[in-house]
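What you see is a predicted model; the values in this text were computed from it and never measured.
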Amino acid sequence: MNTKQYFSMALKSIAMATSITAASLSFASTLTVSSPQDPGSWDPIDTFLINWASVSTNIYDGLTYRGPDLKLQPGLATSWQQLDNGTRIRFNLRQGVTFHNGEKFDASSVKFTFDRLMGDEGKKGPQRSNYAAIESVEVIDSNTVDFHLKAADPVLLTKLAGYGAMIVPPKYIQEKGEDFFNTHPVGTGPFKFVSYEPKVDIKLEAYDKHWGGAPKLSNLNYRFISEPSTAVAELQSGRVDLVIPPTIPIGMISTIEESPELDVVTTVSPSVYALRFNTKNGITKDERVRKALIYGVDRQAIIDSILGGQASAISSFQSPISFGNDPKMSPLPYDPAKAMQLLKAAGIKPGTKVQIDIRGNDSTFNEVTQAIASYLQIIGLNATIKPYETSVLINDIVPAGKTGEMFQQGWGGWTLDYDNTAYFMYHTGEKWNPYDSDPELDKLLESQRSLTDTKKREEILKSIANYTADRALEMPLYNLNAIFAVSKKVKGFVPVPDSRMRLNNVTVE
């Protein structure tokens, strides 16, 4: 080969390499998502937060999976059979799956995950009672497991699609330890962990060996931006591609829609909001006072004026798409005269103070609460609003029973089943029920959990909704749509009702 031929071949090689590199770069893309909250731990058993699931649905897989269409489908289990009158479920596991660290997924991974969840480690988190029906997990062979249940749980297959049921790697956790796993998560999902800076961001990259195929994105970054105006400003500047619920204030929707480069996408949501009552201490210990507070607030006016029609009134603490919702129930009407009559009967003097505890970074709910305080002033009460950092309110104040007379409660209701809300809110001893203990209500809650008769179970759930409304355990406010703000550069994004977004089919131009 002469010198001329050599340089000619070399130039062709360089050109080919450049072409390949350019092609690779053209397919490489990064999606940056603004999330309003850092959960603080990425361990599935440590949390109940929607914003945890928004990230972790991309890191982990469950035995089952529920997509944007809300239909249950195979995940790490390819099929399952319900046996022994619903007290045993056999799962056939997907083969050839690996965790992000190279560890093999098999039946032992499933057993480890649920032994851990139902054991001492699970006791530390809020998820264990959600899976209380599980007595044990038996390995039949490397690709088959049996779940033995204390009693049938008609919602268990849905619960296995999220949160505490996400499958975790046994060897990795045993070698690295629980604390390390909290901040360095490993799963089998379409994206794998890269880095995490608390209160700042978590960065993920595509896991090309995912059993469902490699993601279209190369990188997926979540920035924790608690201030809504900042999140929107970052979206407008192009430094963020997607802002997820519940960040977008209603008042900013028109501003976002005016931009030719941005879209606002909404969908029906299971998320509901309420002001729950301290039923143990203070004036709200009296049921008459609780009902007076509800009568005294024009919730429909708040929906129309503040929420811009992006919400609907609720009569119990669940959305219309929740199994167990009773469409025959109606919210208590706005009746300030009735409210003042009840307050007088309860011996409440004009000017009595009522404290409302809220999440300080929720600007929309802050505005709602300001309106509620004004309504309460009309019926003679002096309502004060006490904002907290979100993590402080939900981890320290509410569970410890340190709230004022009323406190903010938002709930995703992600299973679309009222049990998942009602049991946590009303059963004695639960984290979200720091004040109330009602044996009759406990009995109702427990009675429906093992029923396989769908119709009978639905009737009991409806009776629970009516019972809690009669006792006025909270002021039901509204069911809010899931509101997303997204750059038009983002293609393939599908809004999901429960904010559990799997973003493997999204691209960014």
Is the number of heavy atoms from other residues, nucleotides or ligands within 6.0 Å of CG (D141) greater than 12? yes
Whether the side chain of E261 engages the backbone of K488 through a donor-acceptor N/O pair (distance < 3.5 Å, no angle test) should be reported. no
Closest heavy-atom contact between T64 and L157? OG1-O, 2.8 Å
Taking all atoms of both residues into account, what is the closest heavy-atom pair of K104 and S109, and its distance? O-OG, 3.6 Å
State, with a plain yes or no, whether a side-chain heavy atom of Y426 is found less than 4.5 Å away from one of D436. no
Distance under 6.0 Å and angle within 45° of ring axis: R276 vs Y435: no
Distance from R223 atom CZ to S35 atom OG, nearest 0.5 Å? 12.0 Å
Please report the C-alpha distance between D146 and R90 in whole Å, then the side-chain angles of each, then the deciding distance to 0.1 Å, and finally whether the salt bridge (charged side-chain N to carboxylate O under 4.0 Å, His left out) criterion is met. CA-CA 4 Å; D146 278 3; R90 173 159 292 184; 2.7 Å; yes
Answer yes when R94 and D61 have at least one side-chain N-carboxylate O distance shorter than 4.0 Å, and no when they do not. no
From the list P39, S499, P245, P246, side-chain contact (heavy atoms from CB on, under 4.5 Å) with I50 holds only for S499
Any side-chain heavy-atom pair from E458 and D417 closer than 4.5 angstrom? no
Without swapping roles, check the side chain of N479 against the backbone of V272 for a donor-acceptor pair under 3.5 Å. no
With rounding to the nearest 0.5 angstrom, report the CG to CD distance, L149 to Q82. 8.5 Å
Evaluate the side chain to side chain contact (heavy atoms under 4.5 Å, CB included) criterion for residues M329 and S316: first the C-alpha distance (whole Å), next the side-chain angles of each, then the deciding distance (0.1 Å), finally the verdict. CA-CA 8 Å; M329 290 179 65; S316 62; 4.2 Å; yes
Looking at every non-hydrogen atom in both residues, tell me the closest pair between I253 and V264 and how far apart they are. O-CG2, 4.0 Å
Is it the case that more than 12 heavy atoms not belonging to K203 sit under 6.0 Å from its NZ atom? no
Using 0.5 Å steps for rounding, measure from the CG atom of L444 to the CD atom of E446. 9.5 Å
No-hydrogen, no-angle side-chain donor-acceptor test under 3.5 Å, Y467 and D438: yes
Just do the side chain to side chain contact (heavy atoms under 4.5 Å, CB included) check on L275 and F365 with the steps written out, would you? CA-CA 10 Å; L275 284 178; F365 199 84; 3.8 Å; yes
Nearest-0.5 Å distance, OG1 of residue T144 to CG of residue L93: 6.5 Å
Can you check whether L503's main-chain N or O pairs, donor with acceptor, with N58's side chain at less than 3.5 Å? yes
Rounded distance (nearest 0.5 Å) linking atom CD of Q318 with atom CG of L416: 11.0 Å
According to side-chain hydrogen bond (donor to acceptor under 3.5 Å, both in side chains), who are the partners of N101, at least two apart in sequence or on a separate chain? E103
Donor-acceptor under 3.5 Å (T468 side chain, A465 main chain): yes
Does any non-hydrogen side-chain atom of L480 lie less than 4.5 Å from one of S269? no
Determine yes or no for a side-chain-to-main-chain donor-acceptor pair under 3.5 angstrom, with R88 supplying the side chain and L83 the backbone. no
Do R449 and D153 come within less than 4.5 Å of each other through their side chains, counting heavy atoms only? no
Side chains of I460 and S463: closer than 4.5 Å at any heavy-atom pair? yes
How far apart are the C-alpha atoms of F193 and H184, what are their side-chain angles, what is the distance that settles it, and do they pass the ring pair (Phe, Tyr, Trp, His ring centres under 6.0 Å) test? CA-CA 7 Å; F193 171 80; H184 299 76; 5.5 Å; yes
Go through V55 and N51 one step at a time and tell me if the side chain to side chain contact (heavy atoms under 4.5 Å, CB included) criterion holds. CA-CA 7 Å; V55 177; N51 295 125; over 6 Å; no
Could you tell me whether K124 and D43 have a side-chain N and a carboxylate O separated by less than 4.0 Å? no
D396 and K402: salt bridge (charged side-chain N to carboxylate O under 4.0 Å, His left out), yes or no, with the steps? CA-CA 8 Å; D396 302 331; K402 296 179 180 179; over 6 Å; no
Please walk me through it: do D442 and T428 pass side-chain hydrogen bond (donor to acceptor under 3.5 Å, both in side chains)? CA-CA 7 Å; D442 287 348; T428 300; 2.6 Å; yes
Partner of R66 under side chain to side chain donor-acceptor pair (under 3.5 Å), chosen from D498, T415, T158, T57: D498
Heavy-atom distance under 4.5 Å between the side chains of F493 and D263, does that happen here? no
When you measure from the side chain of R128 to the backbone N and O of M118, does any donor-acceptor pair fall under 3.5 Å? yes
Under 30°, 30 to 60°, or over 60°: which ring-plane class applies to F91 and W80, parallel, tilted or perpendicular? tilted
Report yes or no: do Q448 and R457 form a side-chain donor-acceptor pair below 3.5 Å? yes
So T188 and T98, do their side chains get closer than 4.5 Å, heavy atoms only? no
Where is the tightest heavy-atom contact between L451 and P154, given as atom of each residue plus distance? O-CG, 3.3 Å
side-chain hydrogen bond (donor to acceptor under 3.5 Å, both in side chains) between S322 and N325, intermediate numbers included: CA-CA 6 Å; S322 168; N325 183 64; over 6 Å; no
Does anything in residues 208-228 form a ring pair (Phe, Tyr, Trp, His ring centres under 6.0 Å)? List the pairs, not counting sequence neighbours. none
To the nearest 0.5 Å, how far apart are CG in D362 and OG in S226? 11.0 Å
Do any N or O atoms from the side chain of D84 and from the backbone of T87 form a donor-acceptor pair under 3.5 angstrom? no
Those residues at least two apart in sequence (or on a different chain) that pass ring pair (Phe, Tyr, Trp, His ring centres under 6.0 Å) with Y478 are Y273
So, the side chain of Y207 versus the backbone of F99: is there a donor-acceptor pair under 3.5 Å, distance only? yes
For the residue pair S79 / N92, report whether a side-chain donor-acceptor contact shorter than 3.5 Å exists. yes
State, without any angle test, whether S41 and D46 hold a side-chain donor-acceptor pair at a distance under 3.5 Å. yes
Within the side chain of H100, is there an N or O that forms a donor-acceptor pair under 3.5 Å with the backbone of G189? yes
Check: E135 main-chain N/O paired with K150 side-chain donor or acceptor under 3.5 Å: no
Can you see which heavy atom on F317 is nearest to which on G410, and at what distance? CZ-C, 4.5 Å
At their closest point, which heavy atom of E474 faces which heavy atom of A274, and how far apart are they? CG-CB, 4.1 Å
Parallel, tilted or perpendicular: which describes the rings of Y131 and F114, with under 30° parallel and over 60° perpendicular? perpendicular
Counting C-beta onward and ignoring hydrogens, is there a side-chain heavy-atom pair between P44 and W52 closer than 4.5 Å? yes
